[in-house]
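Below is one structure, written out as structure tokens; the observations come after it.
Note that this is a predicted model, so its numbers are computed, not measured.
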Amino acid sequence: MERYNNILCVDLSELTRSDDGPAVMSRANYDNLVKRNRINVVRRGGGLETGALIEYATLPDRFKARYIEKYGDPELRNIEEKMEFRMDTKAREFFFGDSLALPTNIAERYTVNASALRMLSGMKARMVDSHHVGGSGRGVFWDAIMEESERLRGICGHTLPGSARLRDVLRRFDREGYGSLISGKLGNSNGRTITEEMGRLIIALKRSKDPVYSNEAIRRKVNAVALEKGWKQIRSKGTIENYLSGNVALWKDTEVGTTKAKMMLNRMHSTILPTVPNARWEGDGTKVNLYYRTYVDGKEKMATFWVYEFIDVASEVMLGRSFGNGEDFRMFYDGFRSAVESVGLFPYELVNDNQSSATTKQVREWLSRCVQVPRTSASHNGPSKAIESVFGRFQAEVLSRHWNFTGQNVTSKKDSSRPDIDFTERNVASLPNYQECVAMYEADVQTWNNSLHPDQARYQGMTRMDVFRSSSCPDCAALSDASRRDAFWITSQKSVRYTNNGFRVTIDGSQFIFEVQTADGYPDLEWLDAHNQHDFWYRYDPYDLSVIKLYTFDPKTGYRYVADAATKQMIHRDIWSQNEFDAGYIRGVEQRVKEHTVKRHLMVKEIEREFGTAPEQHGLVSPLPAGVTKTEYRRISERLATGSAAAVPEGPDPEDILPDTVGQVRKAHQRS
């Protein structure tokens with residue numbers, strides 16, 4: 001029994017052989033059925049190893065009964081055929097997308113469940129096909145699907161229900177797709193203790209000056225109001241503290257004063273000091289067996305360098321590489337990325353050695369996002385890696401042609417594998433420099449890739465590159481913008497605090513400042529209010545540091561995407577160095593900061609008045625926000641009230657020319 005062109009077929013020999021029991025039919029029966037067109041012969045057969053195939057569904061019932069009695073039910077065997085578990089790459093892209101912003105642990109669980117459901121759905125579809133084609137009337141074998149689900153649970157650890165509820169889950173998955181797996185509880189605020197109204201009361205009490213409430217006093221006051229309004233009781237002072245820490249911008253000025261709050265909360269420029277004048281792969285690192293010329297203490301010396309190479313095992317093509325002075329993570333990363341970018345897809349399996357540069361927790365987590373099967377080779381077992389053999393033959397067949405060849409490893413017994421060190425030392429001045437040596441190696445790689453594949457019995461007349469281009473593993477994920485970001489963006493090892501001065505990080509020894517911006521390239525001040533002094537992990541592309549991604553992290557749920565942060569605009573501190581863009585950007589930011597400050601002040605004053613904590617309600621006077629004059633405050637307030645858009649004035653309004661106080665008037669007269 002086999003499937004031929006997706007048709008369930010039985011072999012003629014199975015029907016007519018009698019050496020293992022009574023034949024299902026005689027050869028005369030077969031010839032008669034063929035002559036009368038009573039059965040469908042999907043392959044006529046011919047030769048010693050190619051027999052005739054008959055569509056099982058077209059056999060008369062009496063012969064089906066004999067076949068089942070002798071060999072078993074082929075439809076049921078086909079339905080229950082076990083398949084290798086494979087991760088659904090489309091499910092991974094769906095659940096790990098920024099639009100959902102799911103915690104990584106939850107996204108991983110959903111991906112595994114969706115992959116298992118995809119396989120169970122295929123099994124169910126085969127049952128339905130067999131029902132329609134064979135006319136057996138069996139329909140869907142739910143017991144068999146349950147059994148297969150439990151087998152998959154042991155392989156991939158899915159969390160699908162092990163009861164009759166699996167039917168509902170599978171039917172909903174077939175109807176609604178990946179989204180059917182997402183719990184409605186994610187992001188649901190119903191269980192939160194602090195409601196919006198309660199939060200406003202907390203802010204009002206925190207801003208109160210008469211009396212001044214401690215956090216514990218705020219908790220007791222809120223609980224007293226909660227009894228009257230039917231709110232949930234707040235059991236811990238920590239709940240109050242957590243809420244206040246998430247809304248610092250709404251109360252900090254009452255604790256430290258408006259001037260210090262301005263320095264802490266309002267977005268600040270970063271300035272430049274005055275100045276006038278970029279099916280299985282294996283990877284391994286090794287020394288390049290070519291000497292190059294360098295200078296040490298003013299003298300010409302011989303030197304070598306390292307390469308981290310990635311090869312395709314089937315074709316032995318060298319796909320991508322990076323160069324350096326030793327095997328480390330960055331060489332591993334650059335080499336692998338070079339290979340993926342050149343091919344345009346990720347390998348199904350990647351095997352690398354056990355060096356610390358490729359076995360740390362960070363690297364293991366990174367590789368799990370790149371390939372379906374990442375693993376390390378057996379320790380101290382070079383023959384287990386195809387790349388060891390490739391390196392050896394590449395050295396012996398290609399690199400050894402150069403007079404600056406360093407020889408192979410020290411265990412080589414052939415004299416041809418050893419360097420003529422005396423000759424090389426006499427010709428140090430004629431050695432290529434580093435750049436020339438790298439170019440020699442790259443040219444030798446092309447020679448290797450375009451030479452005949454060693455298995456000429458299978459690939460007659462084909463080069464290694466011909467073999468590589470002739471086919472591809474169908475389960476490899478293609479390189480896309482989404483997969484490039486998922487695979488090649490590096491996650492920070494510790495969190496960094498976001499301040500009103502931006503998000504300052506150090507990457508590869510250089511400092512960078514990022515900030516969350518609006519679509520027009522200006523700082524997002526509302527986002528800054530909500531996240532100032534919060535700690536974030538970040539992910540970045542080492543090849544493009546114009547944008548990074550910010551995440552929160554919870555040990556139970558993993559990373560959760562928050563926002564993109566772009567490079568912070570740097571401006572010249574001195575006016576002489578400022579260009580037209582600097583001046584316009586400064587005015588634009590300052591206008592937005594003032595408008596945002598007034599908008600925030602109006603909101604908190606409204607909260608104070610609503611709950612009776614405004615200083616004016618107690619015979620006191622509130623100061624204006626620092627950095628905003630009385631006239632600016634009035635003008636911005638009026639503009640916000642009318643809903644007109646903010647704009648950077650080209651010049652001062654006439655009323656702004658006159659000073660605001662008597663003292664300023666006298667100073668103006670003295671200067672004139």
Side-chain angles (χ1 to χ4, degrees), residues 101 103 183-258 261 264-266 498 516 524-535 552 554 557 560 562-563 595-625 633 636-637 640-643:
S183 171
K185 295 180 180 179
L186 283 176
N188 195 333
S189 62
N190 292 338
R192 295 176 184 169
T193 302
I194 299 179
T195 63
E196 181 179 355
E197 187 176 4
M198 186 184 292
R200 290 169 64 85
L201 174 58
I202 292 173
I203 296 299
L205 294 173
K206 185 65 177 178
R207 295 186 61 85
S208 175
K209 290 294 187 181
D210 187 18
V212 175
Y213 293 97
S214 67
N215 290 341
E216 176 60 24
I218 291 175
R219 186 186 73 85
R220 293 195 298 267
K221 183 73 173 177
V222 170
N223 282 343
V225 176
L227 290 174
E228 301 174 4
K229 297 197 174 187
W231 297 342
K232 290 183 179 180
Q233 293 286 299
I234 298 177
R235 299 181 179 180
S236 169
K237 181 179 67 174
T239 303
I240 299 293
E241 293 172 346
N242 289 339
Y243 182 81
L244 291 173
S245 67
N247 295 275
V248 172
L250 300 182
W251 57 267
K252 196 66 177 179
D253 59 315
T254 63
E255 182 179 77
V256 300
T258 58
M264 293 177 61
L265 302 175
N266 289 358
Y498 198 107
V516 177
D524 191 330
L525 302 177
E526 292 187 0
W527 195 94
L528 176 61
D529 272 358
H531 299 89
N532 195 358
Q533 303 299 315
H534 288 193
D535 292 336
T552 56
D554 184 275
T557 59
R560 190 183 189 105
V562 178
E595 181 170 334
H596 185 72
T597 301
V598 173
K599 182 178 179 181
R600 184 174 63 213
H601 188 264
L602 291 172
M603 181 177 67
V604 297
K605 297 307 293 181
E606 179 184 349
I607 294 176
E608 289 177 347
R609 289 191 296 272
E610 179 181 349
F611 292 95
T613 62
E616 288 76 9
Q617 294 171 311
H618 298 274
L620 304 174
V621 178
S622 300
L624 291 177
Y633 187 92
I636 294 173
S637 299
L640 291 173
T642 59

Using a 3.5 Å cut-off and no angle test, enumerate the donor-acceptor pairs between side-chain atoms of residues 197-206 and protein atoms at least two apart in sequence or in another chain.
residue : atom : partner : partner atom : Å
E197    : OE2  : K229    : NZ           : 3.0
R200    : NH2  : E610    : OE1          : 2.7
K206    : NZ   : N215    : OD1          : 3.2

Could you list the donor-acceptor pairs under 3.5 angstrom formed between side-chain atoms of residues 233-244 and any protein atom two or more places apart in sequence or on another chain?
residue : atom : partner : partner atom : Å
Q233    : NE2  : N223    : O            : 3.2
S236    : OG   : G238    : N            : 2.9
N242    : ND2  : G238    : O            : 3.3

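Considering every non-hydrogen atom in both L528 and N266, the closest pair reads CD2-C, 4.2 Å. Listed here is the closest heavy atom pair of Y498 and V516: OH-N, 2.9 Å.
Here K599 pairs with E526 under the salt bridge (Lys or Arg N to Asp or Glu O under 4.0 Å) rule; sequence neighbours left out. Partners of D554 under the salt bridge (Lys or Arg N to Asp or Glu O under 4.0 Å) rule, at least two apart in sequence or in another chain, do not exist in this structure. The side-chain contact (heavy atoms from CB on, under 4.5 Å) search around D529 returns A249, H596, R600, not counting sequence neighbours. Contacts of H534 classified as ring-ring contact (aromatic ring centres under 6.0 Å, His included), with partners at least two apart in sequence or in another chain: H531. Take R609 and apply the side-chain contact (heavy atoms from CB on, under 4.5 Å) test, not counting sequence neighbours, and it matches K605, E606, A614, Q617. Not a single side-chain contact (heavy atoms from CB on, under 4.5 Å) links A530 to another residue, sequence neighbours left out.
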Next on the checklist: Applying side-chain contact (heavy atoms from CB on, under 4.5 Å) to V248 and Q533, what does each step give before you reach the verdict?
Outcome noted: CA-CA 9 Å; V248 172; Q533 303 299 315; 5.5 Å; no
Item to check | Pair W251-V604, side-chain contact (heavy atoms from CB on, under 4.5 Å): steps then yes or no | outcome: CA-CA 8 Å; W251 57 267; V604 297; over 6 Å; no
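Between the CD1 atom in I607 and the CZ atom in R207 there is a gap of 8.0 Å [rounded to 0.5 Å]. Considering NZ of K221 and OG of S208, their distance stands at 9.0 Å, rounded to 0.5 Å. How far CG of L265 is from CG of D253: 7.5 Å, rounded to the nearest 0.5 Å. Atoms CG and CD1, on L602 and I636 in that order, are 9.5 Å from each other to the nearest 0.5 Å.
Pairs passing the ring-ring contact (aromatic ring centres under 6.0 Å, His included) check and including a residue from residues 600-625, sequence neighbours excluded, read H601-Y633.
Panel note: side chain E608, backbone P615; no donor-acceptor pair is recorded below 3.5 Å. Checking side-chain atoms of N247 against main-chain N and O of L250 turns up no donor-acceptor pair under 3.5 Å.
No side-chain heavy atom of P625 sits under 4.5 Å from any side-chain heavy atom of T258. Side-chain contact between T613 and Y213 is absent, with no heavy atoms from C-beta onward closer than 4.5 Å.
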